[in-house]
Each structure stands twice: as C-alpha cells, then as structure tokens.
Amino acid sequence: MGEYNPKKIESKWQKTWEKLGLNKAKDFDKRKKQYILVEFPYPSGDGLHVGHARSYAALDVVSRKKRMQGFNVLFPIGYDAFGLPTENYAIKMGVHPAEVTKKNIEIFRNQLKSLGLSFDWDREINTTDPDYYKWTQWIFLQLFKKGLAYQAEIPINWCGSCKIGLANEEVINGKCERCGSETEKRNQKQWMLKITAYAEKLLKGLEKVDYSERIKTQQINWIGRSEGTNIKFKINDKEIQVFTTRIDTIFGVTALVLAPEHELVKNIDDKNVKEYIEKTKKKSELERMDLEKEKTGVFTNLYAINPLNDEKVPVWISDYVIASYGGGAVMFVPAHDKRDYEFAKKYDLEIKQVISGGEIPFTDYGELINSGQFNGLDSKTAIEKINKWLKDKKLGGSAINYHLRDWVFSRQHYWGEPIPIIHCEKCGLVADENLPVELPYVEKYEPSNTGESPLANIKEWVNVKCPNCNNDAKRETDTMPNWAGSSWYFLRYCDNNNKKELADKKKLDYYMPVDWYNGGMEHTTLHLLYSRFWNIFLYDIGVVPVSEPYIKRRSHGFVLGSDGRKMSKSFNNVINPDEIVKKYGADSLRLYEMFMGPFEETINWNTQGLEGCSRFLKKVWFSFDNIGESNKEIIQKLHYLIKKVGHDIENNKFNTAVAAMMEFVNSWQENSLDKKHAEMFLKILSVFCPHICEELWEKLGNKNSIFLESWPEYDEKLIKKDKFELVVQINGKIRDKIEVDSEISQEQAEKLVLSSDKIKSWLIGKKPKKIIFIKEKLINIVL
RNA sequence: GCCCUCGUGGCGGAAUUGGUAUACGCGCAUGAUUAAGGAUCAUGUACCUUCGGGUGUGUGGGUUCGACUCCCACCGAGGGCACCA
C-alpha cells in the first residue's frame with residue numbers, strides 16, 4: 001500500500017470531486033429529494049471553529065449516505081455576514097466592513113473545502129449581497145403591508161457600550177449578550193415585528209414536527225402560553241383590565257397593583273407617586289430583576305371596584321408588576337400569592353383568605369370560602385363558573401396570554417440591511433418598492449451616541465422624493481438585526497440566483513421542507529423561532545408551500561477547550577482546524593469529531609483522542625494489504641456493521657458507529673477479508689473519511705468514484721449466528737456460560753444446564769422453583 | 001422557585017432499550033523491536049479476596065426471577081426560563 005499520506009491524497013481528491021460535480025442537487029430530479037441543512041456560519045475573523053467542523057462533518061456523513069442511498073440531496077452552505085463583530089473590527093482596523101467580510105468569507109470557504117465537506121458550492125449565498133438582501137427587504141415589506149411590522153416608542157434594552165438597542169432575547173441577566181455590560185431601559189422609536197400574532201401558530205406547529213424534546217420544550221416555555229381570565233376593574237370612570245390565572249381567588253382581592261409604566265399612572269398628580277416613578281426609572285434592568293430585593297411601592301389615593309362583590313380596594317403602584325404582560329396590572333391576593341403576600345406584609349395591607357386547605361400564603365387549588373355565591377366549590381369549578389359569570393355580565397372572561405414579546409427589529413448600526421421605508425410628511429410611512437435599498441458605501445460607520453444610525457449622517461442617501469406624492473421625504477436610517485438574513489436563507493438555497501422572486505415556487509415545492517436541520521442549542525429561542533415565524537407568514541401569503549420549514553431538528557453539543565472552558569484566545573486553548581488538517585489530515589479530524597462523544601452533548605477537546613483516530617486510519621490503510629479469503633465469522637460481523645452504522649447515522653449516534661468500525665477492523669487484523677467485502681466496508685467508512693476511502697477504492701482497481709456506488713445492503717440472515725454463549729444464572733447471578741446452538745429450545749437448554757457439574761454443585765439440597773429462558777440470551781434458575 | 005438534560009473505571013464514553021456492566025478509544029504497566037528515544041506490535045488494566053467467591057453504574061428505598069435501564073425520595077452537575085399574577 002505504501003505510505004499513508006493524507007496531505008497528498010486529500011487535495012488530490014478534493015480537486016477531482018469538484019471537477020466531477022458529484023455534490024450538486026439537481027432541480028426536479030426524479031429521485032426523491034433530501035434537504036439536509038446546517039446553520040450557515042458567521043464569517044468571523046477567527047476563522048472556522050472545530051465546533052463548526054463537528055456539526056458540518058456529521059451532516060456531511062448524513063448527506064453522503066443519503067446520496068449513496070439514491071436520494072437527490074440538497075446540502076448547501078453560505079454565510080450569515082451582517083453583524084456587529086465585523087463592524088467593530090472594521091472600525092478598529094479602519095477597513096470597510098464589506099472588505100472584511102469578503103476576506104473572511106474567502107478564508108471560511110477554503111477551510112470548509114479543506115475538510116472535504118460535500119456542499120453544493122453552486123448554491124452558496126451571502127446575506128450581505130444586495131441580490132440576497134433585496135429579498136430580506138422584500139419580506140419585510142410584506143410584513144409591513146400586513147401590519148406585522150410597525151413602529152413604536154418603547155422602552156428598549158439599550159447597551160451603552162455597543163450603542164445598540166437589543167431584543168429581549170439578546171439580554172442575558174440584564175446584560176448585553178455580546179459585550180456583557182449592563183443594559184438600561186431607554187425609550188426609543190423602534191421597528192417591531194408582531195411575532196406575538198403568531199404565538200398560537202408557532203406553538204401548534206410544534207405538534208407536527210420532529211424536534212428533540214429539549215428544543216421543543218424550550219420553545220414552548222419561551223412562548224409561555226397561559227390560560228386565565230381577563231377581568232375589568234373600575235377606577236372612577238376608567239376601566240382597568242387585569243389578567244389572572246386564579247380568578248377563583250377574586251374574593252380575596254384587597255388591592256389593585258399597577259406597573260409604574262401603566263397608562264393610568266401618567267395622569268396621577270401626586271408627589272409620592274412621581275418620586276417613585278422617577279426612582280424606578282433610574283434602576284437598572286439588573287436591579288429591577290433581582291428577586292432577592294425587597295418589594296417597593298406607593299399608594300395612589302385611588303380606589304378600584306371589584307366587580308364580583310363591589311368592594312372598594314386601594315390602588316397601588318409597584319415595579320414588581322411587569323408593564324408588558326397582562327396589561328401591566330394585577331389583582332392583589334396576598335392570601336394566595338407569595339409576591340402579593342410579601343408586599344402586603346411590608347405595607348400592612350389586608351390579607352383575606354378565600355381558599356381553604358393550608359397555611360397562608362396558600363397557592364394551591366382548594367375549596368372556596370368567603371366567596372359569596374361560589375362558596376364550597378373547588379377551584380377548578382369555580383374558575384369555570386366565574387368565567388361564565390363575567391362573560392354574561394360583559395366584564396371579561398377566559399383569556400390566553402403569552403410570555404412571548406414582539407421582536408425589536410431596529411438596529412442603529414451601519415452593517416445591516418437598510419429598512420426599506422420612506423418617511424413622508426404627507427403620506428406617512430411609505431414602502432420603498434425599489435429594491436434593493438442598498439447600503440451606501442461610506443467611510444464613517446461609527447455608531448452615534450444619540451441613538452441614531454450612522455446612516456442618518458449621509459444626507460444624499462437620506463433625502464429622497466416620496467414614491468407616492470413626489471414631495472421631499474426621508475429614508476428610514478435604522479437597519480435590520482443580524483437575525484433577519486438567517487430567517488429565510490433555507491428558501492434561497494432552493495433557487496439562489498433568482499432575480500425575479502425570492503425563489504421559484506416550483507423549486508420550493510420540490511425541495512421544501514428541510515428534512516433534517518442541525519444547529520446549536522443557543523439558537524432555539526432566537527433564530528429557530530424567528531425563521532419559523534417568517535416561514536409561517538410566507539406560507540400564509542402564499543409564497544412558500546409548507547407552513548413548517550423544518551421536519552426534523554437536532555442540535556450538536558459545543559466543543560470546549562481541553563481545559564473544559566470555552567475556546568478563547570485569552571485562555572490559550574483554541575484548536576485551529578487548519579493545523580489539525582495539516583498535521584493529521586481532514587479524515588482524522590472528521591473521524592475524531594464524530595467519535596469524541598455523543599453528538600448532542602458538550603465535550604472537551606482531546607488531542608490524544610484525535611491521535612487514536614489517526615492511528616485507526618493507518619490501521620485501515622494497511623489492512624488493505626490483508627486481502628484474501630473471508631471466513632463466515634468476519635462476513636457475519638460485516639453485515640452486522642452495515643446495519644449498525646446505518647442505524648446509528650440516522651439516529652445521531654456517530655460515536656458508536658465509529659466504535660463499531662474500529663471493532664470490525666480489529667477483527668479484520670486477525671482474519672483476512674476478500675476484496676468484495678473489503679469494498680463494502682470501504683463504502684461505509686467513506687461517508688466519514690471520504691479521502692482515504694476514495695484513494696483505497698482506486699487502489700483496488702476501481703475506475704469510478706466510490707461516491708457513485710450505492711450504500712451496501714446487509715443480509716439479516718447472515719447476521720444471525722449459529723452458536724451463542726448461553727449465560728447461566730442462578731437467582732439472577734451468573735454462574736456459567738455455555739456455548740450452544742442458536743436454535744436451542746428451553747427444554748434442551750434446561751436439560752443441558754441441569755446436567756452440568758458446575759451448576760449441579762450450586763443446586764445441592766435445593767430445588768428449582770422456576771426457570772426463565774430468554775432466547776439467544778440466558779437461562780435463569782430460581783431457587 | 002419552575003422546566004429540561006445528565007451522574008458508569010485514572011479519562012472520553014458503550015450497553016441491541018428490563019437480560020453477560022465497563023464495548024471502542026485515550027492513558028497507564030510489562031514485554032518485543034531499537035545504540036537510544038519516537039513510532040510500531042503483543043499482553044494486562046473496576047475493587048476486595050482465605051482464589052471457593054464476594055462487592056460494584058451519585059445516595060437511600062421500592063417493583064422484578066433479573067435494574068445503569070422502570071417507580072419514589074434525596075444529593076450533585078450542566079443548560080433554559082425567571083416578580084409572567
């Protein structure tokens with residue numbers, strides 16, 4: 001066989017494959033399609049991470065296998081290139097973000113190619129390309145026309161360090177997701193997308209897709225559906241709507257508490273109230289979210305009427321009430337709510353028990369007391385009856401609320417898609433249909449501290465004529481968040497060069513939905529939810545053929561440094577895939593990334609483990625010197641291997657598939673293997689380690705690529721063994737193992753076992769009570 | 001506080017889903033080869049043992065002929081949500 005030289009082999013085959021065009025998906029091909037998708041990378045200056053390689057290698061295995069199984073596989077890649085890191089880098093180094101992006105994409109492309117990933121390179125996309133973001137803008141306009149994109153003056157999360165407004169999802173524990181500095185609330189006019197209008201659809205859609213359980217539950221929790229009751233309280237001549245999940249406690253209401261941001265609060269002319277509002281405004285998000293802190297509040301001098309018993313209760317203000325949920329007002333039931341109880345204790349408010357069953361505060365369901373006509377009912381029945389009562393009197397009724405908030409869609413930055421809206425004094429907000437609205441090429445793109453986008457300074461770009469009335473008008477200067485481009489990219493792959501539509505409807509019909517989508521757990525409540533939202537919307541307006549974009553979603557675990565920390569220059573624990581490829585070859589890297597541990601779990605990098613995989617490939621290489629006769633045993637093992645590897649790949653269990661192949665090669669070293677069966681083994685390994693297998697395939701005298709071969713079939717009959725080791729247990733403990741015929745019956749086995757000397761010695765003076773026989777496994781004698 | 005995932009050798013981890021615990025890989029030890037090191041190959045590698053066997057999958061119970069696997073309680077780790085009324 002000669003020397004195994006991965007460097008030489010790998011570049012040779014990468015060039016050949018590119019020439020052959022084996023990895024191209026063919027539109028409308030008669031074969032069944034299979035759309036395999038990996039999250040496209042953000043082309044950062046750090047280059048490809050071994051974590052990217054893990055996820056991409058895994059889905060490359062899947063794609064290659066599906067191709068060999070006769071599917072027309074679409075396995076595309078592209079670049080999600082708008083975003084802050086590029087902009088920050090560009091500002092620091094004085095290079096235009098477009099230049100930085102171009103350079104980084106080149107680096108990424110070369111790195112991806114050096115791993116031998118079987119992407120369809122003809123379909124590459126780049127979210128910063130005007131031909132691409134034209135359609136991102138187009139989708140925005142469709143949302144705008146349907147009233148799902150709107151402007152609102154809202155308190156947004158403002159990161160003073162990045163000088164950017166953040167969505168709730170981008171704020172982690174009150175801190176900016178990117179830079180970690182504390183965020184503050186700041187009122188600003190922002191573009192919003194009404195994802196809340198899709199809460200129910202996003203929830204319902206989860207019932208028909210195959211996502212890992214933890215992904216599903218995380219989305220369900222994030223949407224946060226809760227069933228309850230809306231009820232109206234009167235304050236003078238105004239009506240205040242309150243949401244509660246415990247309307248059965250309505251007779252226990254001893255106050256009404258409003259959020260400091262509540263509409264009604266603005267009109268209260270009271271020194272104490274004004275002081276309190278000022279104080280809460282100054283509190284940072286982090287302070288306000290602190291659960292340990294003591295609750296504070298202020299009495300408004302107003303009273304509200306409880307519609308059920310016409311009782312007059314005081315109205316308070318407190319910042320433990322969330323403005324953006326359930327109307328920003330709560331009915332105060334200290335006897336049956338922990339938070340209300342704390343507040344009542346502090347301000348000495350009345351505590352009135354209306355549910356019997358335990359110590360106050362009692363938060364479980366129970367039997368109603370002190371509740372007028374509803375006394376004696378259990379909570380559940382009471383909720384039904386009171387809801388009906390409210391509905392009949394037109395005072396409210398059952399209602400559903402969601403934790404999900406609308407998506408803050410504006411960014412005051414340069415490096416993003418311009419929002420294609422024109423502000424006209426006469427016509428108001430006008431859609432600019434002349435797409436793409438291109439980013440002007442400028443020298444200065446530093447964010448301003450005023451909260452305005454840097455685009456605002458470019459007068460010749462900002463000042464335009466209104467498309468409606470031709471009067472002087474101004475462009476919107478906010479750009480879209482980095483989540484915009486990735487919310488629909490899977491559609492563009494189906495038809496990436498289309499100039500007339502985001503993608504041809506027939507091609508979407510053919511390729512969509514995505515059959516298997518892999519990505520990081522960190523995108524579950526962001527990208528995954530956003531892209532489902534956009535797709536369902538596009539389905540509703542007839543642009544895409546399916547409502548749910550992804551049939552199957554799985555996620556990979558992170559690859560950490562060998563010290564168990566996140567790979568980072570500051571920890572000096574970064575593994576550069578280029579160096580690994582250079583030293584060991586892409587095949588070893590790919591194999592190790594599949595073997596290192598369960599695919600969905602986080603794992604630490606271990607270079608010695610990688611060396612083991614490299615050793616294995618050398619072993620495989622030299623095993624091909626050992627081609628000769630096969631015995632029955634090794635053929636049996638090979639057929640079992642084909643079954644096992646196929647099954648494991650479909651179930652994301654790449655690590656055990658690799659282990660099984662290693663086991664097989666160990667047996668091969670003890671026995672020889674004939675050429676036909678050695679080729680079958682090679683086909684299985686080829687999806688993991690394409691280069692070495694293609695080379696060996698050629699060395700065996702084959703003219704065409706191994707990837708034109710079909711995936712080997714196993715024969716169940718050949719897997720079956722004639723003999724097996726029967727485990728003999730006494731009272732569940734192993735006492736012996738006997739080699740017996742596979743077809744042995746219970747009677748025969750009993751006879752055999754009871755006559756064995758070893759077993760006999762255990763049975764002296766005892767009588768078997770019961771004998772359990774499991775075919776091809778064991779026999780257990782119970783004494 | 002709530003939800004999810006998970007606790008198995010010195011380490012990463014297997015266990016056909018209730019049927020031989022520790023597959024596969026790493027590491028380590030001994031030996032072979034070598035002037036030597038590296039590389040390679042071979043053998044061994046959970047614990048205790050009076051060599052009969054006994055004990056072992058975070059802890060304590062339970063179900064079962066049989067439990068890493070199922071049930072209950074607890075302890076610990078990781079992730080998500082979090083004053084959502």
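So that the names make sense, note that chain A is the first sequence line, chain B the second, and so on, each numbered from 1. Keep in mind the model is a prediction, meaning the values are calculated, not measured.
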> Starting at atom NZ of Lys345(A), determine the distance to atom P of rC83(B), rounded to an integer number of angstrom.
24 Å
> Can you tell me how far C1' in rA23(B) sits from the matching atom in rA14(B), rounded to whole Å?
5 Å
> Considering the options Val753(A), Leu778(A), Leu752(A), which one meets the side-chain contact (heavy atoms from CB on, under 4.5 Å) requirement together with Val728(A)?
Val753(A)
> Need one value for Val321(A): base, sugar-phosphate or nothing, where a base atom within 4.0 Å counts as base even if backbone is also close, heavy atoms only.
base
> Is Val782(A) touching bases, backbone alone, or none of the nucleic acid, heavy atoms closer than 4.0 Å?
sugar-phosphate
> Quantified in whole Å, what is the P atom distance between nucleotide rU55(B) and nucleotide rC3(B)?
38 Å
> Over 60° means perpendicular and under 30° means parallel, so classify the ring planes of Tyr320(A) and Phe343(A), tilted if in between.
tilted
> If you pin Asp340(A) and Thr217(A) to their nearest nucleotides in RNA chain B, which one's is more 5'?
Thr217(A)
> With sequence neighbours left out, write down each residue that passes ring pair (Phe, Tyr, Trp, His ring centres under 6.0 Å) with Tyr341(A), or none if nothing qualifies.
none
> Using the C1' atom as the point on both nucleotides, what is the distance between rU33(B) and rC41(B), in whole Å?
8 Å
> Among residues 249-263 of chain A, which residues get a heavy atom nearer than 4.0 Å to RNA chain B?
none
> When you check the gap from the basic side-chain N to the acidic O, do Asp319(A) and Lys295(A) get nearer than 4.0 Å?
no
> Report which part of the nucleic acid Ile734(A) touches: base, sugar-phosphate, or nothing (heavy-atom distance under 4.0 Å, all strands).
sugar-phosphate
> For the side-chain contact (heavy atoms from CB on, under 4.5 Å) test, which of Val50(A), Ile580(A), Asn606(A), Asp587(A) pairs with Tyr592(A)?
Asn606(A)
> For Asn221(A), report the nucleic acid contact type (base, sugar-phosphate, nothing); a contact means any heavy atom under 4.0 Å.
sugar-phosphate
> For RNA chain B, what is the dot-bracket line, given that a base pair needs Watson-Crick (N1 to N3, plus N6-O4 or O6-N4) or G-U wobble (N1-O2 and O6-N3) geometry with both distances under 3.5 Å, and | means paired with another strand?
(((((((..(((......[....)))((((((.......))))))(((....)))..(((((..]....))))))))))))....
> Expressed as a whole number of angstroms, how long is the span from His523(A):NE2 to rG79(B):P?
17 Å
> For residues 242-254 of chain A, please give each side-chain donor-acceptor pair under 3.5 Å, one per line with the distance, not counting sequence neighbours.
from, atom 1, to, atom 2, distance (Å)
Thr244(A), OG1, Arg246(A), N, 2.9
Arg246(A), NE, Asp248(A), OD1, 3.0
Arg246(A), NE, Asp248(A), OD2, 3.3
Arg246(A), NH1, Thr363(A), O, 2.9
Arg246(A), NH2, Asp248(A), OD2, 2.9
Arg246(A), NH2, Asp364(A), O, 3.4
Asp248(A), OD2, Ser379(A), OG, 2.9
Thr249(A), OG1, Arg246(A), O, 2.7
Thr254(A), OG1, Glu350(A), O, 2.8

> What does the list of N/O pairs under 3.5 Å between the protein and nucleotides 45-53 of chain B look like, with a distance for each?
none

> With sequence neighbours left out, what residues match Asn780(A) under side chain to side chain donor-acceptor pair (under 3.5 Å)?
none
> rC68(B) and rG76(B): how far apart are their P atoms, nearest whole angstrom?
24 Å
> Does atom CD (Gln669(A)) have a neighbourhood of more than 12 heavy atoms from anything else shown, all under 6.0 Å?
yes
> Between the protein and nucleotides 56-58 of chain B, which nitrogen or oxygen pairs come in under 3.5 angstrom?
none

> Using salt bridge (Lys or Arg N to Asp or Glu O under 4.0 Å) as the criterion, list what pairs up with Glu3(A), not counting sequence neighbours.
none
> When Phe558(A) is tested against each of Lys566(A), Glu522(A), Met567(A), Glu601(A) for side-chain contact (heavy atoms from CB on, under 4.5 Å), which residue passes?
Glu522(A)
> Would you tabulate the side-chain donor-acceptor contacts of residues 730-742 of chain A under 3.5 Å, counting partners in other chains and residues two or more places apart, or write 'none'?
from, atom 1, to, atom 2, distance (Å)
Asn731(A), OD1, Leu783(A), N, 3.0
Asp741(A), OD2, Glu743(A), N, 3.2
Ser742(A), OG, Lys721(A), O, 2.5
Ser742(A), OG, Asp722(A), O, 2.8
Ser742(A), OG, Lys723(A), N, 3.4

> Quote, to the nearest angstrom, the P distance that separates rA73(B) from rC83(B).
27 Å
> Among rC83(B), rC4(B), rU20(B), find the nucleotide with the atom closest to the side chain of Lys737(A).
rU20(B)
> Looking only at the side chain of Ser226(A) (C-beta and beyond, no hydrogens), which of the listed nucleotides rC65(B), rA85(B), rC26(B) gets closest?
rA85(B)
> Please give the distance between the C1' atoms of rA85(B) and rU5(B) as a whole number of Å.
29 Å
> Among the nucleotides rU20(B), rC26(B), rA85(B), which one has an atom lying closest to any side-chain atom of Val330(A)?
rA85(B)
> Restricting to nitrogen or oxygen on both sides, can you table the protein-nucleotides 11-17 of chain B pairs closer than 3.5 Å?
from, atom 1, to, atom 2, distance (Å)
rG12(B), O2', Met596(A), O, 2.7
rA14(B), OP1, Asn655(A), ND2, 3.0
rA15(B), OP1, Lys653(A), NZ, 3.4

> Tell me whether the side-chain N or O atoms of Lys295(A) pair up with the base of rC83(B) as donor and acceptor below 3.5 Å, since no angle test is needed here.
yes
> As a test of reading the structure: which of rG19(B), rU40(B), rC24(B) is closest to the side chain of Ile772(A), going by heavy atoms?
rG19(B)
> Can you check the Tyr325(A) OH to rA82(B) C1' distance for me, whole Å?
13 Å
> Among all residues two or more places apart in sequence or in another chain, which pass the salt bridge (Lys or Arg N to Asp or Glu O under 4.0 Å) test with Glu311(A)?
Lys352(A)
> With sequence neighbours left out, which residue pairs that include part of residues 321-338 of chain A fulfil the side chain to side chain donor-acceptor pair (under 3.5 Å) condition?
Ser226(A)-Tyr325(A), Ser324(A)-Arg405(A), Asp337(A)-Arg339(A)
> Would you measure the distance from the C1' atom in rC74(B) across to the matching atom in rC11(B) and give it in whole Å?
28 Å
> Checking all strands, does Gln729(A) fall into the base, sugar-phosphate, or nothing category for heavy-atom contacts under 4.0 angstrom?
base
